[in-house]
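Below you'll find the structure, written out as structure tokens, and then a few comments.
Both counts, for ligands and for their atoms, begin at 1 and track the order of listing. Position 1 is the first residue of the sequence, and the numbers go up from there. These numbers were taken from a predicted model, which means no experiment stands behind them.
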Amino acid sequence: MFIDQARIRIQAGRGGAGCLSFRREKHVPRGGPDGGDGGHGGSVYFVADSSLNTLVDFQFNQSYKAQNGRPGAGRLCSGPSGDDLQIAVPLGTAVYDADTRELIGELKADEQVLLAAQGGKRGLGNARYKSSINRSPKKTTPGTEGESRNLYLELRLLADVGLVGLPNSGKSTLIRTVTNARPKTAPYPFTTLKPSLGVVSLDLGRSYTMADIPGLIEGASQGVGLGIRFLKHLQHTRLLFHLVDIAETVSLDQIADSIQIIEKELGEFDEELLARDRWLVLNKLDLLQPEEEGIVEELIQTLDWKGNWFAISALNGMGCKRLVGRAMVWLEENPYSVKISEDLEFEILELWTLIAVRRIAGLSRLAVL
Ligand SMILES: Nc1nc2c(ncn2[C@@H]2O[C@H](COP(=O)(O)OP(=O)(O)OP(=O)(O)O)[C@@H](O)[C@H]2O)c(=O)[nH]1
Ligand SMILES: [Mg+2]
């Protein structure tokens, strides 16, 4: 089941109390204070896990708690610290404080770690307070409480290429043909009800990810059909493929209208998404009769389309290799073209550098961004 939002409560562990104790042993008069410190409380972290792509687990378990630190003991024994709790989430998960709505952080690289609630500090035992003027201190400190927070998690898939288009235009068929993803395809609208991610693998280990989302229809921004809420999954993409069924619609005007419907809905959702690089992918070429094939060039002229365009058959694979190959080259040449803000641009640059370093060095773990 694909779930892209969740509300949970997290609680970090309390610090263990310091111990009040004096050394009492035969033949050791006035042995002095020997109360040990408590242990630190465990913290709660989120860890990005590339094998996950849904927040469904949080539907069943909404409360997460790290271990408390143990109290200190006599003979200067420190209490053990509580274990940290690591919660695995899919790449592209943003973690918000549900009460203040503040963004705590976003997990964008595999194994990236985000501290969400700091464990409590340990308490100090009375041995700590021994001094020249107080040789038998009775003072200890209790551990402090761990942070607790109500969180809102939101998943926005991390993909290089996003597919948009009307229902039935062949988005899921394309992702099935060119990636390892297997979403359902069928000759009726709204076959796809949840986004899916696939990996396009080319030669020499070159690869990129592609996201398929449910189809959009006119009025989606007003909630018609499945609405536009799935468009948020395209916000991290760098390139959009706009799929158009050129076999079903009877006239060029109808095809042009269908393209404008998608542009309008994209713009209603996010102007920046509309301005993103978008390639027109004219699909179902196999259904055109030989005498109809001129329609493709005619359509591009009618639309006065200035960007890249491709005519393919997602079903039999015609033109798909060229399309995904050109996209690979484009992605390599435009590694961080998403210009939302300078900060984000910098963040993406940093992310790509880290990924490259990790690939080269074969490091098993990425540092916290
Ligand atoms: N002949 C032919 N049929 C195709 C082609 N691409 C897709 N189809 C068919 O068109 C129908 C719709 O394809 P889907 O891939 O489910 O379309 P979609 O865009 O994912 O649709 P939604 O999930 O409803 O948004 C299916 O019956 C496909 O087999 C193509 O290139 N040629
Ligand atoms: Mg589909």
Side chain to side chain, L193 and F2, heavy atoms closer than 4.5 Å: no
Linked hydrophobic residues, L76 as query - side chain contacts closer than 4.5 Å: none
What I want to find out is whether [X] reaches [Y] closely enough, with some N-O distance under 4.0 Å, to be called a salt bridge.
{"X": "K284", "Y": "D286", "result": "no"}
{"X": "K232", "Y": "E154", "result": "yes"}
{"X": "D99", "Y": "R149", "result": "no"}

Counterpart residues, side chain to side chain donor-acceptor pair (under 3.5 Å), relative to E263 (two or more places apart): R278
Distance-only donor-acceptor check, side chains D212 and S172, under 3.5 Å: yes
Every N, O or S from the protein that is nearer than 2.8 Å to the Mg ion (ligand 2): S172 OG, T192 OG1
Within the 4.0 Å heavy-atom sphere of ligand 1, strictly under, residues: L166, P167, N168, S169, G170, K171, S172, T173, T185, A186, P187, Y188, P189, F190, T191, T192, G215, N283, K284, D286, L287, S313, A314, L315
Closest contact, heavy atoms only, P195 versus H233: CG-CD2, 3.5 Å
Aromatic ring pairing W279/F241, orientation class (parallel under 30°, perpendicular over 60°, tilted between): parallel
